[in-house]
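The structure under discussion appears below in the form of structure tokens.
What you see below is based on every heavy atom in this structure, not just the backbone, and it leaves out hydrogens, waters and symmetry mates. Since the model is a prediction, treat every value here as computed from it, not as a measurement.
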Amino acid sequence: MTSHNVMEDVVYEYLEKHWRDIPVACHCDQCKTDVYTLSLNHLTPYYANTVSGAMYAKADLMTVQSRANILAVLTTSAKTVSQHPHHANN
Ligand SMILES: [Zn+2]
């Protein structure tokens with residue numbers, strides 16, 4: 001049996017599309033991974049173990065309210081990562 005956190009997909013897809021628009025001090029891959037990981041720590045996981053369950057979960061996470069919540073968490077994470085970057089050479 002495998003269960004999958006659909007929230008990971010949604011946050012990943014959002015970052016892939018909008019990373020350049022996220023207000024963060026640095027847009028390198030390390031900072032992107034940091035924002036992704038930090039955001040997932042602050043968002044409620046949404047697990048599914050079937051394809052149809054994952055599709056339903058995804059639709060649920062695509063509502064205006066849910067997207068606004070995810071974006072708010074991403075923005076907060078971007079702020080934290082900007083203040084405490086993990087990458088070298090800064
Ligand atoms: Zn960086």
Can you sort out the partners of T44 under side chain to side chain contact (heavy atoms under 4.5 Å, CB included), two or more places apart, ordered by chain and number? none

Residue pairs involving residues 35-48 (criterion salt bridge (charged side-chain N to carboxylate O under 4.0 Å, His left out); sequence neighbours excluded): none

In short, salt bridge (charged side-chain N to carboxylate O under 4.0 Å, His left out) pairs touching residues 32-49 with sequence neighbours left out are E16-K32

Set of residues satisfying side chain to side chain contact (heavy atoms under 4.5 Å, CB included) with respect to K58, sequence neighbours excluded: V6, D9, V10, E13

Verify the cluster assignment for V73 and Y47: are they in a single hydrophobic cluster under the rule of side-chain heavy atoms below 4.5 Å apart? no

Check step by step if side-chain contact (heavy atoms from CB on, under 4.5 Å) holds for T76 and L38. CA-CA 9 Å; T76 305; L38 194 60; over 6 Å; no

Shared ILVMFWY cluster between Y46 and M55, side chains joined below 4.5 angstrom? no

For residues 60-80, pull every pair meeting salt bridge (charged side-chain N to carboxylate O under 4.0 Å, His left out), keeping only residues two or more places apart or in separate chains. none

Test: ring pair (Phe, Tyr, Trp, His ring centres under 6.0 Å). Region: residues 4-28. Which pairs qualify, not counting sequence neighbours? Y14-H18, W19-H27

Quick one, C31 and C26 - any side-chain contact, counting heavy atoms below 4.5 Å? yes

Write down the atom of S82, the atom of A78, and the distance for their closest heavy-atom approach. OG-O, 2.7 Å

List the atom of L74, the atom of S39, and the distance in Å for their closest heavy-atom pair. CD2-OG, 3.3 Å

CG on L15 to CG on D21, rounded to 0.5 Å: 11.0 Å

